[in-house]
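Following: one structure in structure tokens, then a few remarks.
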Amino acid sequence: TTLKVLALDNNVIGDTGASALFHAMSPPEGAPSRLELKQLTLANNSLNDSSVVALAGAIGVGALAGCKIVLDGNPATKVSRTAVKKALKKAKKP
């Protein structure tokens, strides 16, 4: 819970690994998130739309609310990146 920055740039992380990471970051259903992560950097990996959608889901359950997320250099489409931005905006609202 004390981790503030997680930088996983240039690690050849693909959809399976990223989805597992985002699932592990998500709190159990109905429980509040214990994460206080301020920045998650996943630049220059192999993240496609399916893993970026999983990231948006993790944000939606409060796991990464208020976190700066860097996805530059991944093959995910603009549509899925926009979903992440929308999830972050919605998660910040009370």
Side-chain angles (χ1 to χ4, degrees):
T1 61
T2 60
L3 182 66
K4 302 294 181 203
V5 176
L6 180 57
L8 297 171
D9 304 39
N10 304 302
N11 278 292
V12 195
I13 298 171
D15 289 337
T16 303
S19 293
L21 173 68
F22 305 145
H23 179 74
M25 289 178 159
S26 299
E29 190 172 328
S33 177
R34 296 185 350 233
L35 287 179
E36 294 182 17
L37 201 60
K38 299 296 179 200
Q39 181 170 335
L40 173 61
T41 307
L42 292 161
N44 304 312
N45 283 291
S46 298
L47 305 183
N48 290 307
D49 288 340
S50 63
S51 57
V52 175
V53 168
L55 171 60
I59 295 166
V61 295
L64 299 168
C67 184
K68 177 183 178 186
I69 298 173
V70 179
L71 295 170
D72 300 335
N74 285 290
T77 64
K78 184 176 180 178
V79 171
S80 63
R81 291 172 190 248
T82 299
V84 168
K85 289 179 183 178
K86 286 181 180 179
L88 284 169
K89 283 183 180 180
K90 185 176 179 181
K92 287 183 182 180
K93 293 181 181 178

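In this text, all values refer to a predicted model and were calculated from it rather than measured experimentally. Residues: numbered from 1 along the sequence shown.
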> What are the two closest non-hydrogen atoms of F22 and A58, and how far apart are they?
Replying inline: O-CB, 3.8 Å
> Which pair of heavy atoms, one from L64 and one from I69, lies closest together, and at what distance?
Replying inline: CD1-CD1, 4.2 Å
> Going by heavy atoms in the side chains, are V52 and N74 under 4.5 Å from each other?
Replying inline: no
> CG of N10 to CG of N45: how many Å apart, nearest 0.5 Å?
Replying inline: 7.0 Å
> How long is the span from the CD1 atom in I59 to the OG atom in S26, to the nearest 0.5 Å?
Replying inline: 9.5 Å
> Counting distance only, does the side-chain N/O of D72 pair as donor-acceptor with the main-chain N or O of A43 below 3.5 Å?
Replying inline: no
> Do you know which two heavy atoms are closest between S46 and V12, and how far apart they sit?
Replying inline: OG-CG1, 4.4 Å
> Considering the options I13, D9, V70, N11, which one meets the side-chain contact (heavy atoms from CB on, under 4.5 Å) requirement together with L42?
Replying inline: I13
> Can you check side-chain contact (heavy atoms from CB on, under 4.5 Å) on K4 and E36, steps first, answer last?
Replying inline: CA-CA 6 Å; K4 302 294 181 203; E36 294 182 17; 2.9 Å; yes
>> Applying side-chain hydrogen bond (donor to acceptor under 3.5 Å, both in side chains), can you list everything that pairs with S19, at least two apart in sequence or on another chain?
In response: none
> If you round to the nearest 0.5 Å, how far is CG of D49 from CZ of R81?
Replying inline: 9.0 Å
>> Just verifying a value: how many Å separate K38 NZ and C67 SG, rounded to the nearest 0.5 Å?
In response: 8.5 Å
> Within the distance-only criterion (no hydrogens, no angle test), does the side chain of D15 pair as donor or acceptor with the backbone N or O of L47 below 3.5 angstrom?
Replying inline: no
>> Just verifying a value: how many Å separate L21 CG and L6 CG, rounded to the nearest 0.5 Å?
In response: 6.5 Å
>> What's the separation between atom CE in M25 and atom CG in L3, rounded to the nearest 0.5 Å?
In response: 7.5 Å
>> Do L8 and L88 sit in one hydrophobic cluster, given that two such residues count as connected whenever their side-chain heavy atoms are within less than 4.5 Å of each other, even indirectly?
In response: yes
